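First the structure, in the form of structure tokens, and then the observations on it.
Values reported hereafter were calculated over all heavy atoms of this structure, with side chains retained and with hydrogens, waters and symmetry mates removed. Proteins come first, then strands; the chains are lettered A, B, ... in the order of their sequence lines, and each starts at number 1. Source: prediction; values computed, not measured.
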4 protein chains.
Amino acid sequence: MLVWCSPMTDHRSNPRRRGQELETAILEATIAELAEVGYAGLTMDAVAARAKAGKVSIYRRWPTKAALVMAAGYQYTRGAQVPPDTGSLRQDTFTWLRGFADQLEGPVGQALLGAVVDSANSEQPGELAKLSEGRGRQVAELLVQRARNRGEPVVAGLTDVQLSAPSNALKLYYFIHGGRVDDSVLWAIVEELAMPLWRAESRGC
Amino acid sequence: MLVWCSPMTDHRSNPRRRGQELETAILEATIAELAEVGYAGLTMDAVAARAKAGKVSIYRRWPTKAALVMAAGYQYTRGAQVPPDTGSLRQDTFTWLRGFADQLEGPVGQALLGAVVDSANSEQPGELAKLSEGRGRQVAELLVQRARNRGEPVVAGLTDVQLSAPSNALKLYYFIHGGRVDDSVLWAIVEELAMPLWRAESRGC
Amino acid sequence: MLVWCSPMTDHRSNPRRRGQELETAILEATIAELAEVGYAGLTMDAVAARAKAGKVSIYRRWPTKAALVMAAGYQYTRGAQVPPDTGSLRQDTFTWLRGFADQLEGPVGQALLGAVVDSANSEQPGELAKLSEGRGRQVAELLVQRARNRGEPVVAGLTDVQLSAPSNALKLYYFIHGGRVDDSVLWAIVEELAMPLWRAESRGC
Amino acid sequence: MLVWCSPMTDHRSNPRRRGQELETAILEATIAELAEVGYAGLTMDAVAARAKAGKVSIYRRWPTKAALVMAAGYQYTRGAQVPPDTGSLRQDTFTWLRGFADQLEGPVGQALLGAVVDSANSEQPGELAKLSEGRGRQVAELLVQRARNRGEPVVAGLTDVQLSAPSNALKLYYFIHGGRVDDSVLWAIVEELAMPLWRAESRGC
DNA sequence: CTCTAAACGAGACGGTACGTCCAGTCTTCGG
DNA sequence: CCGAAGACTGGACGTACCGTCTCGTTTAGAG
């Protein structure tokens with residue numbers, strides 16, 4: 001044979017993570033980075049370093065920063081989002097928006113923000129819609145349904161535009177003003193947007 | 001040495017622009033770049049090159065890319081935005097939203113997008129609000145006032161949230177879906193959001 | 001999730017090679033890669049792919065790229081190298097150098113080059129010497145011996161330095177100039193280096 | 001106007017170096033890196049960091065690692081190379097080779113080595129020749145001329161191949177064996193290569 | 001008018017992050 | 001168990017921009 005061997009020892013972290021375990025670690029690192037430095041300050045290098053992963057392992061899964069951030073945000077918000085039943089559509093709606101607004105202050109807000117800007121100039125503008133849009137409408141529908149079941153007077157046949165109007169107003173407010181959304185803003189959305197659109201009695205004789 | 005030689009020759013363009021003339025040239029170059037490559041693809045170097053200006057002349061006026069883009073967008077939209085009186089609040093609203101949506105396809109949309117993302121992580125959130133927010137509410141107020149003057153049944157005492165709801169819905173739709181906004185989306189906003197909120201008769205017995 | 005799916009399918013090639021057969025296949029793949037892309041362009045992945053072998057199977061045998069390349073070069077040149085007897089030391093020498101120079105144009109040259117650079121910074125300098133050095137001296141000694149047997153006037157007691165001078169001159173010329181070595185260069189080495197050093201009559205009164 | 005200004009202070013090293021001063025700093029950093037980690041271990045990042053320069057400032061001047069290293073080696077060896085006149089061609093030659101061999105132990109050897117390997121696979125194989133080849137022949141010619149002036153019997157009309165044979169033998173020995181070259185090797189080159197080729201009396205009756 | 005200070009164009013500079021490539025190690029499976 | 005396959009960590013690559021700085025030139029405005 002012919003071996004003259006430079007030793008070149010190599011002490012890497014063991015055991016090596018793969019597949020789902022690694023994926024989760026990367027997404028968690030992404031969430032942490034988003035919380036610390038925000039979307040604009042997030043770098044692939046920093047995520048890789050925090051996750052103790054190679055950059056290639058990230059790029060193999062998500063081709064862009066936007067895709068990574070969207071996946072992280074999706075994972076983060078997968079848990080329970082349904083607000084408790086307070087017995088009143090008005091209060092239910094406020095509670096829901098308050099919880100959403102609180103989330104927006106953290107990594108979720110940063111993820112949403114980043115997803116918007118990067119997906120706007122991408123080839124796949126519809127990807128973001130899947131992640132972002134349905135949620136607000138679904139929860140709103142649930143709240144309205146609960147109210148109807150309780151016997152509250154609710155408009156029948158609410159459209160997507162009408163159901164998602166409150167959460168959209170909140171999102172846009174956050175996009176433009178940033179930071180924490182005050183209760184007064186949320187109440188304004190509830191009283192002036194959700195109630196007029198959703199409650200039948202507000203249109204009554 | 002092996003490579004390189006000093007420049008020496010120097011043929012600069014004359015006469016040199018200053019003050020307002022230079023500023024306008026830079027903003028126009030910014031608009032043009034936004035239209036061509038979008039906000040994410042816009043670089044200060046490219047703007048400077050297109051404007052045949054030094055980068056310092058840009059940074060002297062606007063400290064960041066976001067500031068430059070917002071200034072350019074502001075300048076671009078300074079012109080008339082008030083839609084013609086079609087004799088119907090419904091048609092007026094659609095026409096206005098159609099014009100706005102058309103603008104969003106071009107540099108204005110890119111500017112808005114960029115302003116959102118960069119201002120979110122800045123120390124001065126809220127600055128964007130001044131530029132972006134008032135407009136939609138103002139035009140909506142004008143349309144409603146015209147309708148009232150024509151005798152159309154319009155809700156009195158509409159709030160900011162209610163007046164800006166349609167334009168906000170459009171903006172958010174653009175942010176999330178990108179690209180051209182279809183007429184059907186605009187009509188949905190008009191019929192399901194603007195009319196229910198603004199027209200008194202739609203709440204009638 | 002948003003992207004990606006696990007591989008699952010797995011069609012391995014059968015039957016599996018082992019031991020000598022596998023080793024030969026790897027070395028042949030190495031030679032082929034050297035010929036195609038040169039030493040600098042050679043990658044372990046490419047060799048493994050071409051040999052349809054796992055990278056581990058390579059690293060198990062040769063710890064570094066340099067070791068692999070040297071082994072491949074050694075195997076490749078194991079065959080007959082002795083030039084035919086032309087009846088003249090001068091012509092024999094030229095023929096031999098010509099053949100050697102021709103080899104240098106192909107994988108052998110690339111292997112030699114790579115071995116030099118990688119072994120220079122290794123812990124085991126001198127290993128390369130075993131592979132590379134003896135050959136030139138041995139063939140030169142053979143040529144001189146044949147000439148002596150034919151009755152040509154040849155200096156007795158030629159040293160290693162003197163015997164390997166022509167082949168060394170050729171190697172260095174190749175290292176520095178690269179590419180194909182012209183006949184004129186080889187003739188210069190023969191006439192101005194080999195003959196003065198080796199032929200007794202050229203030192204005669 | 002429209003300025004909302006994030007301060008973004010920036011404390012870089014001042015005054016900034018340019019042109020010749022910067023070039024020298026980079027080459028010195030290259031020499032230092034070569035001495036510390038050798039050619040194979042040298043990275044553009046490390047050179048840039050040590051020189052406190054941007055990588056672009058290096059790439060602007062030298063397109064490849066090989067070009068940088070060659071320039072550094074050239075700069076480093078620009079100083080006096082001519083050995084002192086010892087009164088004997090034999091001793092002069094040894095002294096010269098000893099000095100050359102000593103240099104090869106340091107950054108010059110690494111530079112030569114690296115230049116060889118990277119230029120071999122380049123488009124400009126002739127570039128290296130200019131840097132490397134002339135020197136050995138020139139000094140040898142000078143030594144021989146001095147000997148002739150002293151009255152030593154020297155062969156007239158020595159060719160390039162003959163003049164550069166000793167230094168080439170040394171270079172190749174270094175390439176293959178690496179590390180420090182022993183005096184005995186140098187004396188062998190002097191006695192068995194330089195003297196037989198250069199001294200007329202060694203061919204005399 | 002001349003003189004001076006500021007603004008300007010051009011682009012080199014130090015620096016950060018990018019997305020890619022490869023070396024060498026580790027894991028997973030099938031035979 | 002070994003071999004094929006290939007994912008993994010780590011690190012250098014060469015590029016793109018950022019925002020600053022240096023260099024001469026041009027211009028405006030004061031004396």
Side-chain angles (χ1 to χ4, degrees), chain A residues 8-19 22 41-46 48-49 51-61 63-65, chain B residues 6-8 10-19 22 41-46 48-49 51-60 63-65, chain C residues 6-8 10-19 22 41-46 48-49 51-60 63-65, chain D residues 8-19 22 41-46 48-49 51-61 63-65:
Chain A
M8 194 67 61
T9 55
D10 204 336
H11 303 298
R12 324 260 179 151
S13 68
N14 283 328
R16 230 173 249 181
R17 298 156 303 173
R18 298 165 59 99
L22 178 55
L42 182 142
T43 69
M44 302 302 257
D45 293 76
K52 294 195 188 309
K55 281 199 288 181
V56 174
S57 298
I58 302 181
Y59 283 109
R60 212 192 313 275
R61 291 170 170 76
T64 65
K65 181 168 144 179
Chain B
S6 51
M8 288 302 130
D10 201 341
H11 304 297
R12 321 278 173 135
S13 67
N14 286 323
R16 237 174 238 181
R17 299 154 303 174
R18 301 167 63 97
L22 178 55
L42 181 140
T43 69
M44 301 302 258
D45 293 75
K52 291 195 188 309
K55 283 199 288 181
V56 174
S57 298
I58 302 180
Y59 282 107
R60 214 194 309 278
T64 66
K65 178 169 149 179
Chain C
S6 51
M8 287 305 128
D10 201 340
H11 304 297
R12 322 279 173 134
S13 67
N14 286 322
R16 283 221 187 127
R17 298 154 303 173
R18 304 167 64 102
L22 178 55
L42 180 141
T43 69
M44 301 301 261
D45 293 75
K52 292 197 188 307
K55 282 200 289 180
V56 175
S57 300
I58 302 180
Y59 281 106
R60 214 192 308 278
T64 65
K65 179 170 149 180
Chain D
M8 196 65 63
T9 54
D10 202 338
H11 304 296
R12 323 259 180 153
S13 68
N14 283 327
R16 232 174 247 181
R17 297 157 303 174
R18 299 167 59 101
L22 178 56
L42 182 143
T43 68
M44 301 303 256
D45 292 76
K52 292 191 188 312
K55 280 200 287 182
V56 174
S57 298
I58 301 180
Y59 283 109
R60 215 192 309 276
R61 291 170 170 77
T64 65
K65 183 167 144 179

Exercise. For the pair made of CG in B:D45 and P in E:dC13, what is the distance, rounded to whole Å?
Worked result: 15 Å

Exercise. In terms of the nearest nucleotide of DNA chain E, which residue is placed more toward the 5' end: D:A51 or C:L42?
Worked result: D:A51

For this session: May I have the distance from D:R60 (atom CZ) to E:dA12 (atom C1'), rounded to whole angstrom?
Result: 5 Å

For this session: Quick one: closest heavy-atom pair of D:I58 and D:M44, and the distance?
Result: CG2-CE, 3.9 Å

For this session: Could you check how far CZ of D:R61 sits from C1' of E:dA12, rounded to whole Å?
Result: 8 Å

Exercise. Rounded to whole angstrom units, what separation is found between the OH atom of B:Y59 and the C1' atom of F:dT22?
Worked result: 17 Å

Problem set entry | Most 5' of B:V56 and A:S57 on DNA chain F, judged by nearest nucleotide | A:S57

For this session: Search all heavy atoms of D:K55 against all heavy atoms of D:D45 and return the closest pair with its distance.
Result: NZ-OD2, 3.3 Å

For this session: Look at all strands and tell whether D:A46 reaches a base, only sugar-phosphate, or nothing, counting heavy atoms closer than 4.0 Å.
Result: nothing

For this session: Indicate, with a heavy-atom threshold strictly under 4.0 Å, whether B:I58 touches base, sugar-phosphate, or nothing.
Result: nothing

Exercise. What integer distance in Å separates C:K52:NZ from F:dA4:C1'?
Worked result: 11 Å

For this session: Could you state the atom-to-atom distance from CZ of D:R18 to C1' of E:dA10 in whole Å?
Result: 10 Å

Exercise. If each of A:A48 and B:K65 is mapped to the nucleotide of DNA chain F with the nearest heavy atom, which maps nearer the 5' terminus, i.e. the 5' end?
Worked result: A:A48

Exercise. For C:M44 and E:dC26, what is the distance between atoms CE and P respectively, to the nearest whole Å?
Worked result: 16 Å

Seminar exercise, completed: Sequence neighbours excluded, the answer for side-chain hydrogen bond (donor to acceptor under 3.5 Å, both in side chains) partners of B:K65 is none

Exercise. So does B:R17 get a side-chain nitrogen or oxygen closer than 4.0 Å to the phosphate oxygens (OP1/OP2) of E:dG9?
Worked result: yes

For this session: Can you measure from NZ (D:K52) to OG (D:S57) and round to the nearest 0.5 angstrom?
Result: 14.5 Å

Exercise. How long is the line joining NZ of A:K55 and P of E:dA17, in whole Å?
Worked result: 10 Å

For this session: Identify the two heavy atoms, one from B:A48 and one from B:G54, that lie closest to each other, and give their separation to 0.1 Å.
Result: CB-C, 4.3 Å

